[in-house]
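Some notes on the structure that comes next.
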Amino acid sequence: MSVEPEGDSLLRKVRRILGAFDAGSPVLGLSELARRTELAKTTVHRVATEMVDVGLLNRHGRRYELGSLLFELGQRVPRTRALRLIAARYLEDLALTTRETVVLAFPGDQDVLFVEKYFSQRGGGITFTQVEDRVPFHCGASGKALLAFGDPALRERVLAAPLRRRTQWTITDPARLAADLEQARRQGYAVERQELVVGYGAVAAPVFAAGVAVATLTVTGPIDRLDISRLAPVVTAAGRALTRDFESVND
């Protein structure tokens with residue numbers, strides 16, 4: 001049953017509707033949007049109709065998808081655009097050096113966003129066909145690096161929320177996750193072993209702006225060849241170099 005929060009503004013309703021879509025559900029009907037947003041169907045229909053009119057959503061019959069205007073606006077975000085452009089050569093170099101899949105990830109409002117991927121030369125890119133374009137912070141190396149080195153308010157919010165299990169190795173105990181994040185801060189990088197996808201692991205290094213992690217470079221591959229002693233120095237060096245380049249552009 002939908003429960004519409006009292007006094008919820010139009011913008012907050014728009015945000016709820018936009019947040020209902022994900023990589024696994026790019027097209028949603030009215031009933032599913034109402035269920036996911038916890039808004040009344042009449043409210044969802046009214047707000048979604050306005051969103052279609054201004055280009056935030058596309059409508060196909062009785063189903064909705066995100067509008068191309070969102071992509072266009074996303075390309076205009078200065079920090080995101082600049083970092084993606086600067087990071088391109090680092091992603092390519094890491095993929096060639098490690099021969100594994102390399103990802104540039106940003107912190108989203110609720111999840112980690114994978115925005116650029118360079119696929120492994122060996123393995124045919126199979127690793128990230130198994131992972132959505134956004135995943136919970138606590139599951140993967142990218143998210144743990146963002147929590148360890150990023151905004152403390154984000155870390156507190158994630159640790160206070162339920163930690164849902166993705167595999168049998170996912171950390172669901174807040175105290176254990178906090179200890180894992182502390183270890184990541186000490187060593188300068190985060191590691192995950194089959195916590196997001198069974199059979200795969202990753203190592204991630206932070207990219208900083210003004211002393212706070214705003215992105216990560218992450219190398220991921222099959223767990224049986226995840227050599228942390230080999231990968232961690234390469235990934236952390238790339239993260240430091242990308243940080244220098246990015247901060248020099250923003251000075």
Legend entry - Heavy-atom closest contact (Phe106 atom, Leu146 atom, distance): C-CD1, 3.9 Å
Inset, instruction - Any chance you could measure Arg46, atom CZ, to Lys13, atom NZ, to the nearest 0.5 Å? - result: 5.0 Å
Legend entry - salt bridge (Lys or Arg N to Asp or Glu O under 4.0 Å) partners for Glu32, two or more places apart: Arg35, Arg36
Inset, instruction - Can you measure from CG (Leu177) to CZ (Arg155) and round to the nearest 0.5 angstrom? - result: 10.0 Å
Legend entry - Heavy-atom side-chain contact between Thr170 and His138 under 4.5 Å: yes
Inset, instruction - Could you list the residues that satisfy salt bridge (Lys or Arg N to Asp or Glu O under 4.0 Å) with Arg89, not counting sequence neighbours? - result: Asp245
Inset, instruction - Would you mind reporting whether Tyr189 and Val235 have side-chain heavy atoms less than 4.5 Å apart? - result: no
Inset, instruction - Could you tell me whether the side chain of Gln194 and the main chain of Tyr200 form a donor-acceptor pair under 3.5 Å? - result: no
Inset, instruction - Report yes or no: do Lys41 and Ser31 form a side-chain donor-acceptor pair below 3.5 Å? - result: yes
Inset, instruction - Check whether any side-chain heavy atom of Ile17 lies under 4.5 Å from a side-chain heavy atom of Leu57, and answer yes or no. - result: yes
Inset, instruction - For the residue pair Thr49 and Arg59, establish whether any side-chain heavy-atom pair is separated by less than 4.5 Å. - result: yes
Legend entry - Side-chain donor/acceptor of Thr167 to backbone N/O of Trp169, under 3.5 Å: yes
Inset, instruction - Could you tell me whether a side-chain N or O of Arg185 sits under 3.5 Å from a main-chain N or O of Ala148, the two making a donor and an acceptor? - result: yes
Legend entry - Partner residues of Ala190 under the side-chain contact (heavy atoms from CB on, under 4.5 Å) criterion, sequence neighbours left out: Lys144, Ala145, Ala184
Inset, instruction - Would you check if the side chain of Glu195 reaches a backbone N or O of Arg193 as a donor-acceptor pair within less than 3.5 Å? - result: yes
Legend entry - Side-chain donor/acceptor of Thr243 to backbone N/O of Phe208, under 3.5 Å: yes
Legend entry - Check: Arg164 main-chain N/O paired with Thr172 side-chain donor or acceptor under 3.5 Å: no
Legend entry - Short side-chain to backbone donor-acceptor contact, Thr37 and Arg16, under 3.5 Å: no
Inset, instruction - Compare all side-chain heavy atoms of Val158 with those of Leu163 and state whether any distance is below 4.5 angstrom. - result: yes
Legend entry - Separation between CD1 of Ile86 and CZ of Phe246, rounded to the nearest 0.5 Å: 6.5 Å
Legend entry - Backbone of Gly67 reached by a side-chain donor or acceptor of Glu65 within 3.5 Å: no
Inset, instruction - Could you check if a side-chain atom of Leu66 sits within less than 4.5 angstrom of a side-chain atom of Pro26, using non-hydrogen atoms only? - result: no
Legend entry - Close side-chain approach of Leu83 to Leu242, heavy-atom, < 4.5 Å: yes
Legend entry - Arg176 atom CZ: more than 12 heavy-atom contacts under 6.0 Å: no
